[in-house]
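All values reported here derive from a predicted model rather than from experimental measurement.
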Amino acid sequence: MDFDYFSIEAILAENQKIQCTFKQEIPNMGHLGGGTERDIAVSSKMQIPIWLAYTIIYSDWADFNIPAPFNSRVRNALKAEACSVRLSNLVGAGGLWYGFGKTIMDILSEEQANEMSDMLSKAFRDRLVEVIDQAQHFAALGQAGSGSSGNSAQAFREGLDTTERELFYLAQESAKRMKRWYEESDRSRR
């Protein structure tokens, strides 16, 4: 995933909200949380997009909690059976779980960021084999991977993160092309 100014994935990942607990009163900013209060009071909790939270956290006006998609329950589920976790259900905006995790890493301490990086990398490695295997399986069946919700390829893909979906599609297209190449070269030998 490309994280630059023009990256749609980066924009969507940075638009995810995290819960911040304010350490001090912030005058005339109550509207940030969508509430009717004029000021943000000390100890008030508010869901704020990451792009805005960077400034608030680095200015030491607030602390934040690691979001639910990366809490110990999810970590334990990933350790137990990474392929059974439906990453797309953990975050909104198209299921950018890995991208959201990367943006969270940018505001964590070095130790916490390394821990998060290890979790994201391990989850990706553990799930990649199944993603590629399923993509090749569905390509061999001649299914395009789209259609009604009863389609097994689509059902499998519903739990994938956006990055994994892109890899699924690429692996599926690659397997289809290879199958066509084998068939065409087999015909030319006859």
Side-chain angles (χ1 to χ4, degrees), residues 1-4 7-24 26 29-30 32-35 37 40-134 154-168:
M1 182 180 303
D2 221 3
F3 277 88
D4 65 15
S7 169
I8 297 298
E9 288 86 7
I11 292 168
L12 291 173
E14 286 187 342
N15 204 34
Q16 294 288 328
K17 293 185 177 184
I18 59 173
Q19 182 168 323
C20 292
T21 305
F22 284 83
K23 297 180 184 179
Q24 54 188 316
I26 312 291
M29 290 292 174
L32 289 179
E37 300 294 321
I40 298 175
V42 175
S43 298
S44 62
K45 295 181 180 188
M46 197 175 291
Q47 293 281 334
I48 297 175
I50 292 176
W51 61 265
L52 178 58
Y54 288 137
T55 304
I56 293 170
I57 292 167
Y58 289 137
S59 298
D60 205 31
W61 295 341
D63 288 325
F64 81 102
N65 300 324
I66 293 182
F70 307 102
N71 65 18
S72 60
R73 186 180 62 84
V74 173
R75 288 174 190 240
N76 290 336
L78 287 168
K79 285 178 187 175
E81 181 57 46
C83 293
S84 67
V85 179
R86 294 177 59 95
L87 297 181
S88 64
N89 290 354
L90 297 177
V91 293
L96 292 163
W97 187 76
Y98 294 107
F100 186 31
K102 192 216 174 285
T103 58
I104 294 295
M105 285 173 44
D106 293 340
I107 53 178
L108 292 173
S109 69
E110 186 175 346
E111 181 182 330
Q112 290 174 316
N114 289 337
E115 214 175 280
M116 174 87 69
S117 176
D118 292 343
M119 178 192 63
L120 294 171
S121 298
K122 184 173 180 349
F124 186 78
R125 280 191 313 269
D126 291 350
R127 294 168 61 89
L128 183 61
V129 173
E130 184 69 17
V131 170
I132 302 301
D133 185 49
Q134 290 291 329
Q154 183 175 350
F156 173 75
R157 287 189 327 182
E158 285 176 358
L160 300 178
D161 168 84
T162 301
T163 305
E164 294 170 333
R165 269 188 233 130
E166 289 174 14
L167 290 172
F168 181 94

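The nearest pair of heavy atoms linking W97 to V91 is N-CG2, 3.6 Å. Closest approach of C83 and E130 over heavy atoms only: SG-CB, 3.6 Å. P67 approaches F100 most closely through the heavy-atom pair CG-CZ, 3.7 Å. Nearest approach of A41 to F22, heavy atoms of both residues: O-CB, 4.0 Å. Between E164 and V131 the shortest heavy-atom distance is O-CG1, 3.7 Å. Taking every heavy atom of both residues into account, M105 and S117 meet most closely at CE-CB, 3.7 Å.
Listed by chain and residue number, nothing satisfies the salt bridge (charged side-chain N to carboxylate O under 4.0 Å, His left out) test with K45 (two or more places apart in sequence, or in another chain). Take D106 and apply the side chain to side chain donor-acceptor pair (under 3.5 Å) test, not counting sequence neighbours, and it matches no residue. Residues forming a salt bridge (charged side-chain N to carboxylate O under 4.0 Å, His left out) with D133 (at least two apart in sequence, or on another chain): none. Residues satisfying the salt bridge (charged side-chain N to carboxylate O under 4.0 Å, His left out) test with D60, not counting sequence neighbours, are K23.
Rounded to the nearest 0.5 angstrom, R127 CZ and I132 CD1 are separated by 12.5 Å. Rounded to the nearest 0.5 angstrom, I18 CD1 and I50 CD1 are separated by 5.5 Å. Atom CD1 of I107 is separated from atom CZ of F64 by 4.0 Å, given to the nearest 0.5 angstrom. To the nearest 0.5 Å, atoms CG (L160) and CD (Q134) are separated by 9.0 Å. For the atom pair C20 SG and I56 CD1, the distance stands at 6.0 Å (nearest 0.5 Å). Atom CG in L120 sits 10.5 Å away from atom CD1 in I104 (nearest 0.5 Å).
Without hydrogens or angle criteria, S84 side chain to E81 main chain gives a donor-acceptor distance under 3.5 Å. The closest donor-acceptor contact from the side chain of T21 to the backbone of S43 lies at 3.5 Å or more, if one exists at all. One N or O on the side chain of S59 and one on the backbone of T55 form a donor-acceptor pair closer than 3.5 Å.
Side-chain contact between S44 and E37: absent, with no pair of heavy atoms (C-beta onward) separated by less than 4.5 Å. With contacts defined as side-chain heavy-atom distances shorter than 4.5 Å, the pair L90/V85 qualifies. Residues Q19 and M46 have side chains not in contact (no heavy-atom distance under 4.5 Å, counting atoms from C-beta outward). Contact of the L87 side chain with the Y98 side chain is registered, since non-hydrogen atoms from C-beta on lie closer than 4.5 Å. For the pair F70 and L108, the minimum side-chain heavy-atom distance is 4.5 Å or more. The closest side-chain heavy-atom distance from F124 to D161 is not below 4.5 Å.
Applying the side chain to side chain donor-acceptor pair (under 3.5 Å) test to residues at least two apart or on different chains, the pairs with a partner in residues 67-79 are R75-E115. Sorted pairs that involve residues 47-59 and meet salt bridge (charged side-chain N to carboxylate O under 4.0 Å, His left out), not counting sequence neighbours, are lacking altogether.
Judged by distance alone, the side chains of S109 and Q112 do bring a donor and an acceptor atom under 3.5 Å apart.
Counting non-hydrogen atoms of neighbouring residues, nucleotides and ligands closer than 6.0 angstrom, the CD atom of E166 exceeds 12 such neighbours.
Looking at K122 and D126, a side-chain N of the basic residue comes within less than 4.0 Å of a carboxylate O on the acidic one, giving a salt bridge.
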